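As the structure is a computational prediction, the values presented were derived from the model and not from experiment. Every chain is numbered from 1 and lettered A, B, ... according to where its sequence line falls, protein lines coming before strand lines.
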There are 2 protein chains.
Amino acid sequence: MPNKKYLDVRCEDCQFRRNSLFGALCTEESTRVSDAKSCTVYKKGQVLFHEGTRPLGVFCIYGGKVKVYKLGSDGKEQIIRIARESDVLGYKAMISEDEYPVTAETLEDCTICFLPKSDFLHLVTDSPSFNKRLLQSICHELGVMSNKLTNLAQKSVRERFAMALLMLKDTYGIDGEESEEVEINLTREDLANIVGTATETLIRLLHDFKEEDLIETRGRKIVVKNPRGLAKAARL
Amino acid sequence: MPNKKYLDVRCEDCQFRRNSLFGALCTEESTRVSDAKSCTVYKKGQVLFHEGTRPLGVFCIYGGKVKVYKLGSDGKEQIIRIARESDVLGYKAMISEDEYPVTAETLEDCTICFLPKSDFLHLVTDSPSFNKRLLQSICHELGVMSNKLTNLAQKSVRERFAMALLMLKDTYGIDGEESEEVEINLTREDLANIVGTATETLIRLLHDFKEEDLIETRGRKIVVKNPRGLAKAARL
DNA sequence: GAGGGGCTATGACTGGTATCAAGGCTAAAC
DNA sequence: GTTTAGCCTTGATACCAGTCATAGCCCCTC
């Protein structure tokens, strides 16, 4: 109810549109998407889609953070990314006609638009500019993945944690603005599942970084105080 | 000189075409690609493209194996994949207009076709069926990457090595044929760089797997004797 | 066939991380 | 105001895996 106003936002007026995949749409296409989409408020902890299910459409985040993770054989979550405003989720498996390889779950109350499968796919085939944007974005993402893979394989937990903090600083910061003080709001367990380590190990590193004046904690929240120091700790 | 005959193979007659990305081309498109491409024999250890350089075209493997790796901050290679006959390399960075995030290097003498950038990009924009095939392939690949990431983060070296052996069995086997006895021909160091571990550790595991009758070694070559046992060791 | 270089193998040692076990804090519920 | 549940934190311990050092092996060259 308090968020009801969001439900009326149309893509054409959406402040995030040009940053998102849908930035490549012309006015007419944007209007059609807007007519086809629906917008919903999700509670913290709700699942947008489940690993192993078939895609029915795509999700575009208007407000809030979403964790995208994969379950390992022993049930442990490996967080692949933290998605934020303007991010579009759930289209890759749709295009490749696979089951979802990952699960998407809200980390806080979220406002998220849903565009049905057929509308999205028509966009892919009928809008050359959208098609190009999509292709470029995905290809770029694959390069980023090679990087992540290499870091995970070769860097220590400490280094990976430093990297994760820098990444999260961006995710939790306001787009475009630098210097702003950013509070990262995640459970220790989620943090550990990003870095790929045990919760206890992560907490000990948190302690170390605090002593080294790289970060500051406010309750569960973490503030990056010294990004350059973190970059050094990550050997970047 | 002994391989000269390959140089004359045209895409239309290439036995790998329908398996490759180019399988989506119609006869006329295929002919145009064939006219534009050139075919070269590479010696073992030659580099097709270097991390950090700009793509000039795409490579399509007609014969031989190619390792695709990324260098970590301390210079250690992380092997992202082993490419084989019918695989197409080097197009993703081209599409996303990035520098190559990885290096591609032949593992043995190879026969490889090269298609210049502009010809490939025209295909992407002008052939809807090719465009679709490409998009699907890349989207699928990203799902596979999430999987790799999770395994790397959560599985032990022993489990990862078992998985790598199963994967390599496919890469070194003949497409479609099962049961065939497959020899994996890689240095211990390359194996370690696939698994993400130290060479010594890998050799010790090799020893263990041999004792457990999961594999057999012939000189440097490795033969998978018991795939189901390996799958169990990998907790798949 | 002697030498050398690169790859393979093994042993000893170390250290980074995971695991197990308590205990503490916070915030919401009763 | 007490209780409870869910996180967070800390300590002790074990072990997996990396590093260093050394030696064997194979193949190629001279």
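- As a whole-Å value, the separation of A/L206 CG from D/dT10 P is 10 Å.
- Using a distance-only test at 3.5 Å, with no hydrogens or angles considered, a donor-acceptor pair links the side chain of B/R188 to the main chain of B/R220.
- Evaluation of atom-type donor-acceptor distances gives a pair under 3.5 Å for the side chain of B/R204 against the base of C/dG11.
- Between B/R218 atom CZ and D/dC26 atom C1' the separation is 19 Å, expressed in whole Å.
- Side-chain nitrogen and oxygen atoms of B/T197 include at least one within less than 4.0 Å of the OP1 or OP2 phosphate oxygen of D/dG18.
- A/D208 has its CG atom 11 Å from the P atom of C/dT17, to the nearest Å.
- Of all heavy-atom pairs spanning A/N226 and A/D213, the tightest one is CB-O, 3.8 Å.
- Going from atom NZ of B/K221 over to atom P of C/dC7 covers 16 Å, rounded to whole Å.
- A sub-4.0 Å separation between OP1 or OP2 of D/dT9 and a side-chain N or O of A/H207 is absent.
- The aromatic rings of A/F16 and A/Y62 lie perpendicular to each other, with more than 60° between the two planes, well past the 30° mark.
- A/T197 and A/L202 make their closest contact through CG2-CB, 4.2 Å (heavy atoms, listed as atom of the first residue, atom of the second, distance).
- Considering only side-chain N and O atoms, A/R188 lies under 4.0 angstrom from the phosphate OP1 or OP2 of D/dT9.
- Whole-Å rounding puts the A/I203 CD1 to C/dG23 P distance at 17 Å.
- The distance from atom CG of A/L191 to atom C1' of D/dT9 is 15 Å, rounded to the nearest whole Å.
- Regarding A/L186, its CG atom lies at a distance of 15 Å from the C1' atom of D/dC8, rounded to whole Å.
- Pairing each heavy atom of B/K37 with each of B/C113, the nearest pair is NZ-SG, 3.5 Å.
- Judged by distance alone with a 3.5 Å cut-off, a donor-acceptor contact links the side chain of B/E200 to the base of D/dC20.
- Atom CG of B/L107 and atom P of C/dC7 are 13 Å apart (whole Å).
- Within the 4.0 angstrom heavy-atom criterion, only backbone atoms of the sugar-phosphate kind lie near A/T187; the bases stay farther away.
- Heavy-atom distances under 4.0 Å link DNA chain D to B/S156, B/V157 of residues 146-163 of chain B, given in residue order.
- Put simply, the residue from B/F49, B/Y100, B/F120 that forms a ring pair (Phe, Tyr, Trp, His ring centres under 6.0 Å) with B/F59 is B/F49.
- The two residues A/A93 and A/P101 make their nearest non-hydrogen contact at CB-CD, 4.1 Å.
- Closest non-hydrogen pair, B/A164 versus B/V195, comes out as CB-CG2, 4.0 Å.
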For side chain to side chain donor-acceptor pair (under 3.5 Å), just list the numbers for A/T217 and A/K210, CA-CA rounded to whole Å, side-chain angles, deciding distance to a tenth of an Å, and then say yes or no. CA-CA 8 Å; A/T217 54; A/K210 223 155 61 178; 3.1 Å; yes

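- Each end of the helix from C/dG1-D/dC30 to C/dC30-D/dG1 gets its own axis, taken as the rotation carrying the C1' atoms of four end pairs onto the next four within a five-pair window, and the two axes meet at 30° to the nearest 10 degrees.
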